[in-house]
Amino acid sequence: SLSQKLDSAFKSIRGQGRLTEKNMKDGLQEIRMALLEADVNYKVVKKFMAEVLEAAEGQKVLESIHPGQQIVKIVHDELIKLMGEKNEPLRMADKAPTIIMMVGLQGQGKTTTSGKLALKLKKSGRKPLLVGADVYRPAAIQQLEVVAKQAGVESFSLGTNANPVDICLMARGEAQMRGCDVIILDTAGRLHVDDQMMNEVRQIATQVNPTEILFVANAMTGQDAVSSAKQFNDVLPLTGVVLTQMDGDARGGAAISLIEVTGCPVKFVGTGEKLEALDAFHPNRMADQILG
Amino acid sequence: KIVTGRSIDDAMFDDLEETLIASDMGVETTLSIVDELRDRVKSDKLKNAEDLYGALKDALRKRLAEGDHTINWTSNNGPHITLIAGVNGSGKTTTTGKLAAKLAGENRKVLLGAADTFRAAAVEQLMIWSDRAKVDIIKHGEGADPASVAFDATDAALARNVDNLLIDTAGRLHTKVNLMEELKKIQRVVQKRHPGAPHEVLLVLDATTGQNGLVQARQFTEALHVTGIILTKLDGTAKGGMAFAIQQQLGISIKYIGVGEGIDDLQPFDPDEFVDALFE
Ligand SMILES: Nc1nc2c(ncn2[C@@H]2O[C@H](COP(=O)(O)OP(=O)(O)OP(=O)(O)O)[C@@H](O)[C@H]2O)c(=O)[nH]1
Ligand SMILES: Nc1nc2c(ncn2[C@@H]2O[C@H](COP(=O)(O)OP(=O)(O)OP(=O)(O)O)[C@@H](O)[C@H]2O)c(=O)[nH]1
Ligand SMILES: [Mg+2]
Ligand SMILES: [Mg+2]
């Protein structure tokens, strides 16, 4: 683990008196390597390490008796500062319906997460409507309908010949008719470099004006997290991130990159394939996981 | 970033290191490549950016060259059988459809096995691909035992004298012991029905995956003996740099790359193009 690595890095110099600038540099390099190995984007690591160095200088770590421990605490605290001090819940609209729009790259878990959110909202007394706005992926609408049935919630779509913007616009009237107070728009996976598809989500967001726009990404995402999230954030007013497949063994450094680049909190984490597997994001636990 | 004529200095090595890290090559592989380059700069007395760039591409190509990036799709003993596996959402079902179309286009008789009996509308999704590729499909009802679908598909492939059988499986995390056991059972059942099969076990890996890609390759090959990798979503901005560690540490080569969501968006792996693309 990082704390063990740093402990041993600094133990070897303890008998020689105080920590030197060189020791500090080596210790910080260990941290940088650990974050890169955890899939944090290298630009985000650079910025983060500058903050850590500043904090270390400010706290006069060079004069400390336990520099290794102190640095680990600094890194941990800086991670918490970056990720948010506590869990940020889902925003509800002042006046129904609350509209949640799910966006992201292909295969990250949007449709499954839409179902999970619907189930969670139903359990907390809401009446969600799942909207199938993916007219491209083979059997995407059927997938959403099966998920809706499994969650015991309503679903709506207009088939694969409809325009996703129209589907999302019509969802409002549909929700009102059925007495649903939350609308979850499941959009198609798309590349941030596909201008036509990015224009489609821009149009949906502009015309529907969602309460939440959640960027869904897989916890195993590597350096590309920054490119995709930045582009989505430029095109859409993202309000939150969902990190899926946290039940795997990926270190999840993408979480840091996504929060840094979008300025949004991670609201939920997916922890399995079943519809119950959606947990609140806890910055403290994530910091421990990333530091190993 | 590689400005022509610029002479080699530490800043250039830093830029280079960042480019390799940004491509998901990982810390270990990146440091080993950079060390190799520093040695070459000394031994060959390299002078400027172009020299370094050339040496870098050589070092990267060399690491991929030891792999075999082709698949022999013909079995000399009945149907050639391929198992498609990988973690959730990596592109298995779509890739199965693309492979089916490619093989059918070579006038082969192709059969699909819909062994994902778990995920919502998984069978329906593969059925649409079988329609698009104009090939037959073996499927059971929802919740059926995946191994029995695999068995029936193998059985049908033999009975119908099929050239190629492609079996699509459910996405699963390598950390789930029971799901990995299920995958091993699928392989065993196919092997039992047709000794020598499956001839190919392809791990479908999403190019946006970071260092976990190496872990996935290691775990899946431990369970099934993976014979090749298909790296998908390279039409995005992710570079798929973990391919180098997978080749070097596990000896597993990339066979094809996915470059889109359409039926023709599958290309044979070209190491030179892959290396060039890292710097675009
Ligand atoms: N283990 C695990 N699997 C998940 C999780 N979330 C989603 N999945 C699985 O990931 C795969 C992809 O999920 P989808 O919901 O189809 O992803 P998507 O983003 O809607 O995909 P596209 O619409 O094609 O872009 C499926 O096999 C899901 O069951 C999670 O938290 N853990
Ligand atoms: N851009 C792009 N998208 C791809 C590529 N391959 C697959 N996809 C998309 O990725 C998403 C997931 O593809 P699937 O084929 O359902 O993935 P899977 O591995 O079968 O998913 P599970 O069965 O749920 O584990 C779909 O939206 C596909 O269209 C590719 O090469 N490029
Ligand atoms: Mg979907
Ligand atoms: Mg599939």
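By convention in this document, chain letters (A, B, ...) are assigned in the order of the sequence lines, proteins followed by strands, and residues within each chain are numbered from 1.
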Asker: Compute whether any side-chain donor of one residue and acceptor of the other, for B:Asn178 and B:Glu182, lie under 3.5 angstrom apart.
Answerer: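 No, no side-chain donor-acceptor pair sits under 3.5 Å.
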
Asker: Side chain, backbone, both or neither: which part of B:Leu214 has a non-hydrogen atom closer than 4.5 Å to chain A?
Answerer: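 Neither part, no heavy atoms under 4.5 Å.
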
Asker: Is it the backbone or the side chain of A:Leu144 that comes under 4.5 Å from a heavy atom of chain B, or both, or neither?
Answerer: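 Neither; nothing under 4.5 Å.
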
Asker: Checking A:Asp194 against chain B: side chain, backbone, both or neither under 4.5 Å from a heavy atom?
Answerer: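 Contact with chain B is absent: no heavy atom of A:Asp194 under 4.5 Å.
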
Asker: Quick one: what part of B:Lys239 sits under 4.5 Å from any heavy atom of chain A, side chain, backbone, both or neither?
Answerer: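 Looking at B:Lys239, nothing touches chain A.
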
Asker: Between B:Gln247 and B:Ser253, is there a side-chain donor-acceptor contact under 3.5 Å, judged purely by atom types and distance?
Answerer: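 Side-chain D/A pair, B:Ser253 to B:Gln247: present.
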
Asker: Which atoms of B:Gln219 come close to chain A, meaning under 4.5 Å heavy atom to heavy atom: side chain ones, backbone ones, both, or neither?
Answerer: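 Neither the backbone nor the side chain of B:Gln219 comes within 4.5 Å of chain A.
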
Asker: Would you say B:Lys255 has more than 12 foreign heavy atoms packed within less than 6.0 Å of its NZ?
Answerer: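 Above 12, so yes.
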
Asker: Name every donor-acceptor pair, under 3.5 Å, that has one atom in a side chain of residues 224-232 of chain A and the other anywhere in the protein, sequence neighbours excluded.
Answerer:
residue  : atom : partner  : partner atom : Å
A:Asp224 : OD1  : B:Thr237 : OG1          : 2.5
A:Asp224 : OD1  : B:Ala238 : N            : 3.4
A:Ser228 : OG   : A:Asp224 : O            : 3.2
A:Ser228 : OG   : A:Ala225 : O            : 3.3
A:Lys230 : NZ   : A:Asp234 : OD2          : 3.2

Asker: Looking at A:Phe48, does the NZ or CZ of A:Lys46 lie under 6.0 angstrom from its six-membered ring centre and within 45 degrees of the ring axis?
Answerer: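 Checked: cation-pi criterion not met.
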
Asker: Need one label for A:Arg190: side chain, backbone, both or neither, based on atoms under 4.5 Å from any heavy atom in chain B.
Answerer: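 Looking at A:Arg190, nothing touches chain B.
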
Asker: At a heavy-atom distance under 4.5 Å, which candidate from B:Asn88, B:Leu126, B:Asp206 has the highest pair count against chain A?
Answerer: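 Of B:Asn88, B:Leu126, B:Asp206, B:Asn88 has the most heavy-atom pairs under 4.5 Å with chain A.
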
Asker: Looking only at the side chains, is there a donor atom on one of A:Asp39 and A:Gln223 sitting less than 3.5 Å from an acceptor on the other?
Answerer: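 Side-chain D/A pair, A:Asp39 to A:Gln223: absent.
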
Asker: With a 4.5 Å cut-off on heavy-atom pairs, point out which of B:Ala207, B:Gly171, B:Ser90, B:Gly210 contacts chain A the most.
Answerer: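 The answer is B:Gly210.
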
Asker: Answer yes or no: is there an ion pair linking A:Asp134 with A:Lys110, defined by an N-O contact shorter than 4.0 Å?
Answerer: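 Salt bridge flag = no for A:Lys110 with A:Asp134.
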
Asker: Pairing donors with acceptors under 3.5 angstrom, does anything connect the side chains of A:Gln106 and B:Glu261?
Answerer: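 Side-chain D/A pair, A:Gln106 to B:Glu261: present.
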
Asker: Taking only residues two or more places apart in sequence, or in another chain, which ones meet A:Lys267 in a side-chain hydrogen bond (donor to acceptor under 3.5 Å, both in side chains)?
Answerer: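 Counting only residues at least two positions away or on another chain, A:Lys267 forms a side-chain hydrogen bond (donor to acceptor under 3.5 Å, both in side chains) with A:Glu212.
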
Asker: Please identify, among A:Asn218, A:Leu191, A:Thr112, the residue contributing the most non-hydrogen atom pairs under 4.5 Å to chain B.
Answerer: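 Max contact count across the listed options: A:Leu191.
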
Asker: What part of B:Asp235 lies closer than 4.5 angstrom to a heavy atom of chain A: side chain, backbone, both or neither?
Answerer: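 Both parts, backbone and side chain.
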
Asker: What part of A:Arg137 gets within 4.5 angstrom of chain B, counting heavy atoms only: side chain, backbone, both, or neither?
Answerer: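 When you check distances to chain B, only side chain atoms of A:Arg137 fall under 4.5 Å.
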
Asker: Which atoms of A:Asp249 are under 4.5 Å from chain B, going by heavy atoms: the side chain, the backbone, both sets, or neither?
Answerer: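 The answer is both parts of A:Asp249.
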
Asker: Given the options B:His174, B:Arg119, B:Glu124, which has more heavy-atom pairs under 4.5 Å with chain A than any of the others?
Answerer: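 The candidate making the most pairs under 4.5 Å is B:Arg119.
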
Asker: As an exercise: rank A:Gly248, A:Ala219, A:Gly222 by heavy-atom pairs under 4.5 Å with chain B and give me the winner.
Answerer: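 Looking at each of A:Gly248, A:Ala219, A:Gly222 in turn, A:Gly222 comes out on top.
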
Asker: Working note: B:Asp145 + B:Lys185, criterion salt bridge (charged side-chain N to carboxylate O under 4.0 Å, His left out); need CA distance, chi angles, decisive distance, verdict.
Answerer: CA-CA 11 Å; B:Asp145 173 19; B:Lys185 180 169 178 219; 3.5 Å; yes

Asker: Among A:Gln108, A:Gln142, A:His192, who wins on heavy-atom pairs under 4.5 Å with chain B?
Answerer: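 Most pairs with chain B among the choices: A:His192.
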
